[in-house]
Protein chains: 2
Amino acid sequence: MVQESPTFSPLYRQIKGLILQALEAGEWRPGEAIPSETELAARFSVSQGTVRKAIDEMAADNLLLRRQGKGTFVASHSDPRAFFRFLRLVPLAGGIEPSTSVPLECWRAKAGQEAARTLGIKLGDPIIIVRRLLQFSSKPVVVDEIYLPGETFAGLSLDVLKDSHGSLYSLFESRFGVRMIRAEERIRAVAADRATAELLRVAEGSPLLSVERVSYTYGDKPVEWRRGLYSTADHCYYNDLG
Amino acid sequence: MVQESPTFSPLYRQIKGLILQALEAGEWRPGEAIPSETELAARFSVSQGTVRKAIDEMAADNLLLRRQGKGTFVASHSDPRAFFRFLRLVPLAGGIEPSTSVPLECWRAKAGQEAARTLGIKLGDPIIIVRRLLQFSSKPVVVDEIYLPGETFAGLSLDVLKDSHGSLYSLFESRFGVRMIRAEERIRAVAADRATAELLRVAEGSPLLSVERVSYTYGDKPVEWRRGLYSTADHCYYNDLG
DNA sequence: TATCTTATGTCTTATAGTAGACATAAGACG
DNA sequence: CGTCTTATGTCTACTATAAGACATAAGATA
């Protein structure tokens with residue numbers, strides 16, 4: 001039975017909502033397979049095709065990953081395929097380079113006006129601030145300053161960051177159960193300050209890309225605010241306008 | 001009958017290819033409605049659902065636009081909805097601003113090494129170079145230098161540009177029958193040179209966004225190469241990482 | 001017997017087709 | 001001029017068949 005107006009939403013979208021709910025509740029972990037379309041159809045008392053359409057949309061949203069003959073899997077940041085979705089930096093020369101993340105600092109603070117607003121928390125709530133350096137082929141390219149709500153990331157420390165391999169989001173996902181699914185970036189050009197210039201080994205005052213990012217998890221809840229300064233001497237920010 | 005291996009492609013994708021071909025041949029003009037799913041199904045001797053799936057993909061690619069109860073239309077750059085797909089600049093303050101394009105210069109030249117390679121033409125082939133200023137709320141924000149293959153854009157001049165209203169791509173589409181469907185951008189931070197600084201009314205040497213774009217039409221054929229210098233004093237480049 | 005190869009069954013998603021619901025526009029009719 | 005009807009088109013939901021992946025059993029071979 002379909003819910004009628006005033007807030008009509010087709011059956012397949014209601015099913016999408018239910019699957020999303022199960023996903024959010026952690027019924028299946030990232031990387032795991034979800035039940036087959038047939039099973040989900042039985043569970044929600046709809047036809048398999050309706051479940052398919054729901055899953056289709058979720059696969060398009062990069063929440064699920066279909067693999068023919070195998071099943072449908074919960075998207076994971078550990079998956080190398082998902083790696084370049086949030087890192088748009090490519091070498092000017094072309095090709096791909098090995099990247100390393102070097103944590104510099106990690107400390108606790110209270111949320112100021114701006115942090116509280118963008119992270120959707122109260123003024124003065126605990127936050128964690130991380131500073132790190134991103135290297136390509138052992139050369140420094142990005143300095144990131146990352147603001148996280150202290151509540152959800154309790155236990156995060158410099159040691160934890162140093163021990164972790166793989167991407168930061170991969171760590172957030174496996175250790176804190178927080179899956180980033182969407183992000184917004186705002187890019188500007190700024191002049192390098194003294195400290196950043198030294199870290200990136202460029203002249204003070206030279207132009208850098210300032211990339212401000214807010215990341216969201218299920219239900220469009222913001223869980224990360226970061227600002228990166230990119231040296232575009234040997235790399236550039238690549239964007240495909242489909 | 002489905003084409004078997006070695007180059008298997010499902011039926012709906014073959015149909016997509018045929019529709020694409022008709023589109024490219026100009027069978028239906030931008031903004032016009034294409035035949036109904038039923039008609040296309042009859043034309044290609046497949047079922048309506050197969051045509052639907054082909055059209056679904058093309059709508060996802062922004063080549064077609066579905067409108068419930070009305071029909072399916074060829075996407076057009078004249079459509080205000082398509083306007084912000086290729087212009088990612090938003091005011092820092094939020095909201096939307098009226099924008100004006102001011103053509104500065106337009107001259108002919110021969111393709112150099114780099115222009116020939118990116119535009120896929122021969123060294124020395126005729127090209128057209130356009131310089132223009134983009135204003136938001138009457139304040140200069142972007143200086144663009146645009147390289148076009150002379151062959152396809154024969155007849156383009158400063159006067160034509162000045163007479164045209166709406167977006168540049170809208171002009172290309174209606175006057176030269178060239179529809180941009182995809183673009184790649186590479187973004188770097190650079191220092192403003194004297195001339196650009198004056199145009200944008202910023203200090204010489206201040207950091208600017210350098211946005212290099214290659215646009216493609218049907219069949220991934222490159223038809224435009226442009227480089228824009230963006231002042232990010234009051235605006236920023238917005239990107240949604242879905 | 002031990003091992004390798006081949007067949008087979010069963011799981012999955014992918015693909016194709018059909019029918020009814022619904023939205024919209026345009027003409028018929030008072 | 002307003003209301004009803006009809007035509008046209010997409011949207012939604014369902015069904016059926018095909019094909020890939022994989023585990024396992026059966027057979028061949030040494």
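Chain letters run A, B, ... following the sequence lines, proteins first, then strands; residues in each count from 1. Just so we're clear, the structure is a prediction, and the values are computed from it rather than from any experiment.
- Counting only heavy atoms from C-beta outward, the side chains of A:D144 and A:R227 never approach each other to under 4.5 Å.
- Evaluation of the side chain to side chain contact (heavy atoms under 4.5 Å, CB included) rule for A:V141 yields A:L89, A:F136, A:H235 as partners, not counting sequence neighbours.
- Here D:dT10 is the nucleotide among D:dT10, C:dT13, D:dA13 with the atom lying nearest to any side-chain atom of B:E37.
- Regarding A:D56, its CG atom lies at a distance of 13 Å from the P atom of D:dA13, rounded to whole Å.
- Contact annotation: B:R66 side-chain N/O to D:dC11 OP1/OP2 distance is under 4.0 Å.
- As rounded to whole Å, 11 Å separates atom P of D:dT10 from atom CG of B:L64.
- Taking atom CG of A:L65 as the reference point, atom C1' of C:dT12 lies 14 Å away to the nearest angstrom.
- Judged by distance alone, with hydrogens and angles left aside, the side-chain atoms of B:T50 form no donor-acceptor pair with the main-chain N or O of B:V46 at under 3.5 Å.
- Going from atom CZ of A:F73 over to atom P of D:dA21 covers 12 Å, rounded to whole Å.
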Please write out each protein N/O paired with an N/O of nucleotides 17-19 of chain C under 3.5 Å, distance rounded to 0.1 Å.
{"unit_1": "C:dG17", "atom_1": "OP2", "unit_2": "B:S47", "atom_2": "N", "d": "3.3"}
{"unit_1": "C:dG17", "atom_1": "OP2", "unit_2": "B:T50", "atom_2": "OG1", "d": "2.9"}

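- Of the possible polar contacts, one joining the B:E32 side chain to the B:R29 backbone as a donor-acceptor pair under 3.5 Å is found.
- Residues passing the ring-ring contact (aromatic ring centres under 6.0 Å, His included) test with A:Y12: none are found, sequence neighbours excluded.
- Heavy-atom distances under 4.0 Å link DNA chain D to no residue of residues 19-32 of chain B.
- Listed pair B:T72 / D:dT10 meets the phosphate criterion, a side-chain N or O lying under 4.0 Å from OP1 or OP2.
- Spacing between atom OH of A:Y12 and atom C1' of D:dT15 amounts to 20 Å, rounded to whole angstrom units.
- Taking 4.0 Å as the cut-off between side-chain N and carboxylate O, A:E212 and A:R186 do not count as a salt-bridged pair.
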With 3.5 Å as the limit, what N/O pairs link the protein to nucleotides 22-25 of chain D?
{"unit_1": "D:dC22", "atom_1": "OP1", "unit_2": "A:K70", "atom_2": "NZ", "d": "2.8"}

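- Contact annotation: the side chain of B:H77 approaches that of B:F86 to within less than 4.5 Å [non-hydrogen atoms, C-beta and beyond].
- Pairs engaging residues 153-163 of chain B under the side-chain hydrogen bond (donor to acceptor under 3.5 Å, both in side chains) rule: none recorded [sequence neighbours left out].
- Side chain of B:R188 to main chain of A:T232: a donor-acceptor pair is present (N/O by atom type, distance under 3.5 Å, no hydrogens or angles).
- Of the listed residues (B:K16, B:R85, B:R182), just one forms a salt bridge (Lys or Arg N to Asp or Glu O under 4.0 Å) with B:D61, and that residue is B:K16.
- Here D:dT8 presents its C1' atom at 10 Å from CD of B:E39, a figure rounded to the nearest Å.
- With rounding to whole Å, A:R13 atom CZ is found 12 Å from D:dC11 atom C1'.
- Phosphate contact (OP1/OP2 of D:dT8, side-chain N/O of B:S36, threshold under 4.0 Å): absent.
- Between the side chain of B:S137 and the backbone N or O of B:K139 there is no donor-acceptor pair closer than 3.5 Å.
- Between A:I34 atom CD1 and C:dC11 atom P the separation is 18 Å, expressed in whole Å.
- Side-chain atoms of B:S174 come within 3.5 Å of backbone N or O of B:S170 as a donor-acceptor pair.
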